[in-house]
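Okay, structure first, notes after.
Each chain gets a letter, A, B and so on, in the order its sequence line appears, and its residues count up from 1.
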Amino acid sequence: MKQRVSALLREKLGREVVLEKPRDRSFGHFATPIAFSLAKELRKSPMVIAEDIASSFGEVSEFSSVEAVKGYLNFRLSESFLAEYASWALDNPTEFATQQKNQKILLEFVSANPTGPLHIGHARGAVYGDTLYRLAKHLGYDITAEYYVNDAGNQIDLLGLSIQLYAREHLLGERVEYPESYYRGEYLQGLAEGAKEKFGEAIFSDESRQKELAMWAKDAVMEIIIKDLADTNIFFDTFVNESGLYSDWDRVMKKMGDGVYEAEGKMWIRSEAKGDDHDRVVVRDDGRPTYLAGDIVYHNQKFERGYDHYINIWGADHHGYIPRVKAAIEYLGYDSNKLEVLLSQMVSLLKDGEPYKMSKRAGNVILMSDIVEEIGADALRFIFASKKSDTALEFDLAEFKKQDSSNPIFYIQYAHARIQTLLSKASVSKEDISSATLKNLGEAADTLLFDALLLPEVVEDAFSSRQVQKLPDYLKALAASLHKFYYDVRMIGTEDEAKLLKLLQVVALSLKTGLSLMGIEAKDRMVKETTE
RNA sequence: CUCCUUAUCGCUUAACUGGAUAAAGCAGUCCCCUCCUAAGGGAUAGCUCAUGGUUCGAGUCCAUGUGGGGAGACCA
């Protein structure tokens with residue numbers, strides 16, 4: 001819709017114009033402040049320029065009016081244009097708001113260590129990433145969702161140790177001393193029992209078998225993580241294991257050429273020359289590569305796989321890590337601008353108004369699965385997707401839990417359900433509805449129709465600006481229009497019934513499509529829970 | 001100490017990336033049950049951290065200050 005208008009203007013004025021939605025709908029459907037920027041060049045007042053452009057438009061089938069108001073140029077789309085577009089959308093529901101982009105994107109997100117279930121802090125990046133993924137898919141990008149599994153390093157050894165200690169205390173009844181760094185949590189019980197079944201009790205007391213236990217456990221933990229994600233409607237296309245990458249290290253190091261050098265018996269990457277604070281160690285003096293080395297091999301592998309664009313969603317605490325990885329990418333001979341790192345800010349929790357510190361090792365984590373169980377995946381997704389990802393988010397656990405009826409997700413679902421029930425009550429036939437023409441609807445209905453048809457612009461905008469919250473914002477607004485319309489206009493049994501129901505179908509299509517892009521299924525009926 | 005990042009009604013967040021009268025949801029006060037649910041609709045009150053700058057125009061850009069959050073590992 002916007003593209004059409006935009007294209008028309010480009011043709012007319014011979015330049016790209018900024019097109020926006022006026023704050024006040026009475027101004028029209030679209031508007032542009034173009035006259036202000038032309039004012040300087042043409043040395044005429046913006047008002048005069050706007051008038052000139054407006055009157056030069058004449059008759060265009062897409063517009064019912066083009067007006068100049070205080071230097072702004074306002075466009076009103078014609079009924080026939082809107083009606084045609086709406087009918088097309090209803091006939092091709094799966095194509096509504098889609099596009100064909102020819103770009104291959106690799107999106108890496110979550111990538112939480114496989115040492116325990118996902119907690120609430122992971123949920124934000126997970127929801128954000130998955131929503132971006134769905135948007136991109138819908139827009140026709142060839143996008144791959146990837147999970148980088150950090151299954152090497154100390155934390156995996158620790159996992160093995162933690163299971164041993166847990167099992168010795170709880171299964172074998174021994175008294176054990178816990179080191180500071182040990183992991184705690186209910187999930188260890190399942191792991192310990194699983195390990196007992198697989199390996200027998202002996203493995204818990206044998207220090208030399210810690211590694212073996214750990215290697216088995218990290219896979220078991222990954223299964224838990226994958227299930228947590230699936231319960232939230234989040235799925236990955238590919239998984240890459242850190243442990244499988246190091247064998248490629250020598251080759252990759254050579255590939256970086258002068259980018260790495262030896263000093264003090266260690267290997268360093270010359271990252272300072274590429275904007276980092278100082279050079280970083282990639283291989284320790286005992287020959288073990290650092291975590292950074294793994295990430296370098298991983299990114300090399302990503303680039304060798306050949307995508308047009310790479311998006312990483314990292315927690316904000318990885319901020320300082322970006323220059324190192326970009327430096328490595330450049331030494332490897334690739335364009336580091338193709339890598340886009342999006343930081344998802346921390347989620348800080350409040351419990352009863354007090355800051356609540358979570359620590360995996362202390363075992364007082366709030367699990368993502370707990371929240372899903374409590375409020376449902378839909379609500380969780382909606383809440384996280386509604387916040388701009390680059391601001392720190394603070395919420396009260398109690399507040400979070402009581403988000404039942406006050407949660408906007410219900411408001412939107414309710415709008416969709418209302419439409420469905422109305423449709424099922426219709427006194428006219430389906431054919432009557434689909435053959436109805438959306439004309440002479442009146443002001444309110446016109447506005448609602450336009451709002452519903454705005455989804456494609458929102459989807460495009462939300463993805464390209466990486467600001468996922470624009471989608472829920474839009475859905476909220478659309479639901480509000482619907483509720484108001486529902487309240488103001490009686491539909492069933494009126495002369496215009498078929499037309500009005502067709503209009504509602506368009507709204508429902510937008511709501512449903514929008515929700516599905518957030519990984520939420522639209523409901524046809526609302527069931528009020530009466531459980532206390 | 002250095003570098004990032006952030007600051008908007010009482011609370012949680014928006015504002016089309018420099019445009020028209022700064023907008024929602026909770027919480028407050030008041031009113032309304034109408035096709036399938038009041039999980040709804042209305043009315044009312046309230047906000048751009050401070051100072052300066054850039055220009056037709058600033059919540060948005062720049063500078064300084066102040067208050068939050070993060071980073072400154074041969075942990076991952």
Side-chain angles (χ1 to χ4, degrees), chain A residues 2 18-24 27 30-33 36-37 39-40 45-46 69-72 74 111-113 115 150 152-156 158 181 242 264 266-268 276-278 280-286 288-295 315-322 343 345-346 348 383 386-388 390-396 399 402-415 417-422 424-427 457-458 461 465 467 469-470 472-474 476-477 479-480 482-494 497 525-529:
Chain A
K2 194 169 171 177
V18 184
L19 208 55
E20 52 195 42
K21 279 182 295 178
R23 202 175 287 284
D24 187 339
F27 286 129
F30 287 108
T32 175
F36 289 100
S37 34
K40 217 168 220 170
S45 108
V69 181
K70 290 200 312 205
Y72 289 87
N74 298 333
S111 298
N113 291 346
T115 52
N150 295 126
N154 294 341
Q155 83 277 15
I156 297 299
L158 262 174
S181 51
E242 183 190 358
E264 303 166 39
K266 310 162 204 173
M267 300 301 294
W268 302 71
D276 198 4
D277 295 341
H278 47 260
R280 309 281 169 174
V281 173
V282 285
V283 181
R284 290 172 261 235
D285 47 13
D286 61 2
R288 282 160 43 236
T290 61
Y291 177 77
L292 178 59
D295 237 355
D317 52 340
H318 281 64
H319 170 78
Y321 209 73
I322 300 172
L343 296 177
Q345 287 292 330
M346 301 284 111
S348 52
I383 290 167
S386 301
K387 320 278 176 180
K388 242 197 319 196
D390 56 358
T391 52
L393 167 64
E394 201 175 71
F395 59 61
D396 200 304
E399 191 78 10
K402 83 167 203 252
Q403 291 265 17
D404 41 21
S405 59
S406 57
N407 193 313
I409 182 67
F410 290 94
Y411 185 76
I412 296 166
Q413 293 280 28
Y414 184 27
R418 270 188 155 169
I419 294 173
Q420 298 310 320
T421 42
L422 273 189
S424 69
K425 271 205 126 179
S427 61
E457 277 76 38
V458 175
D461 188 30
S465 66
Q467 295 188 358
Q469 85 281 355
K470 293 188 177 196
D473 280 355
Y474 163 76
K476 248 185 283 180
L482 184 275
H483 284 308
K484 176 148 177 53
F485 190 74
Y486 179 89
Y487 186 83
D488 290 342
V489 183
R490 200 177 176 93
M491 288 165 263
I492 302 289
T494 63
E497 182 175 334
R525 242 199 123 73
M526 297 298 283
V527 180
K528 197 167 186 169
E529 282 181 43

| field | Distance test, side-chain N/O of A/Tyr486 to OP1/OP2 of B/rG42, below 4.0 Å | value | no
| Can you tell which of B/rC32, B/rG42, B/rA15 lies closest to the side chain of A/Gln469? | B/rA15
| task | Check whether any side-chain N or O of A/Arg490 sits under 4.0 Å from OP1 or OP2 of B/rC36, and answer yes or no. | result | no
| task | Determine: side-chain N/O of A/Tyr72 to OP1/OP2 of B/rC56, distance under 4.0 Å, yes or no. | result | no
| said: For the C1' atoms, the ones on B/rC49 and on B/rU6, what distance do you get once it is rounded to whole angstrom? | reply: 12 Å
| query | Do the rings of A/Tyr72 and A/Phe36 sit parallel, tilted or perpendicular, given the 30° and 60° boundaries? | reply | perpendicular
| query | Of the candidate nucleotides B/rC35, B/rG41, B/rA15, which contains the atom at the shortest distance from the side chain of A/Lys470? | reply | B/rA15
| remark: Checking B/rG72, B/rA24, B/rA76 against the side chain of A/Lys476 (C-beta onward), the nearest is B/rA24
| request: Determine, stepwise, if the pair A/Ile419 / A/Leu482 fulfils side-chain contact (heavy atoms from CB on, under 4.5 Å). | output: CA-CA 9 Å; A/Ile419 294 173; A/Leu482 184 275; 4.0 Å; yes
| task | Pick the C1' atom in B/rG46 and in B/rU12, then give their distance to the nearest Å. | result | 16 Å
| message | Distance check, P atoms only: B/rC31 and B/rC36, in whole angstrom units. | response | 26 Å
| said: Using OP1 and OP2 only, check whether a side-chain N or O of A/Gln467 sits under 4.0 Å from B/rA15. | reply: yes
| Which nucleotide in B/rA20, B/rC32, B/rA39 has an atom nearest any side-chain atom of A/Phe410 | B/rA39
| field | Any A/Arg418 side-chain nitrogen or oxygen under 4.0 Å from OP1 or OP2 of B/rU37 | value | yes
| message | By a 5.5 angstrom centroid cut-off and a 30 degree plane limit, is there stacking between A/Phe36 and B/rG57? | response | no
| request: Report yes if a side-chain nitrogen or oxygen of A/Lys484 is closer than 4.0 Å to either non-bridging phosphate oxygen (OP1 or OP2) of B/rG40; otherwise report no. | output: no
| Nearest to the side chain of A/Asp473, which nucleotide is it out of B/rC35, B/rA14, B/rC75? | B/rA14
| task | With C1' as the reference atom in both, quote the distance from B/rA27 to B/rU44 in angstrom, rounded to an integer. | result | 15 Å
| Nearest listed nucleotide, side chain of A/Tyr487, among B/rG41, B/rA73, B/rA14 | B/rG41
| query | Does any donor-acceptor pair link the side chain of A/Asp317 with the base of B/rA76 at a separation under 3.5 Å? | reply | no
| query | Considering only the P atoms, how many Å lie between B/rC56 and B/rU13, rounded to the nearest integer? | reply | 37 Å
| task | Considering only atom P, compute the distance from B/rC62 to B/rU55 and round it to an integer number of Å. | result | 16 Å
| query | Heavy atoms under 4.0 Å, any strand shown: does A/Asn74 hit a base, just sugar-phosphate, or nothing? | reply | base
| What interatomic distance, in whole Å, is found between P of B/rA24 and the corresponding atom of B/rC47? | 15 Å
| message | For a quick test of reading the model: is some side-chain N or O of A/Lys425 closer than 4.0 Å to OP1 or OP2 of B/rC36? | response | yes
| field | Proximal nucleotide (of B/rA76, B/rC36, B/rA20) relative to the A/Arg525 side chain | value | B/rC36
| Closest to side chain of A/His483, choosing from B/rA76, B/rG40, B/rC36 | B/rG40
| How far, in whole Å, is B/rG10 from B/rU48 if one measures between their P atoms? | 9 Å
| Which of these nucleotides, B/rA76, B/rA20, B/rC32, is closest to any side-chain atom of A/Ala31? | B/rA20
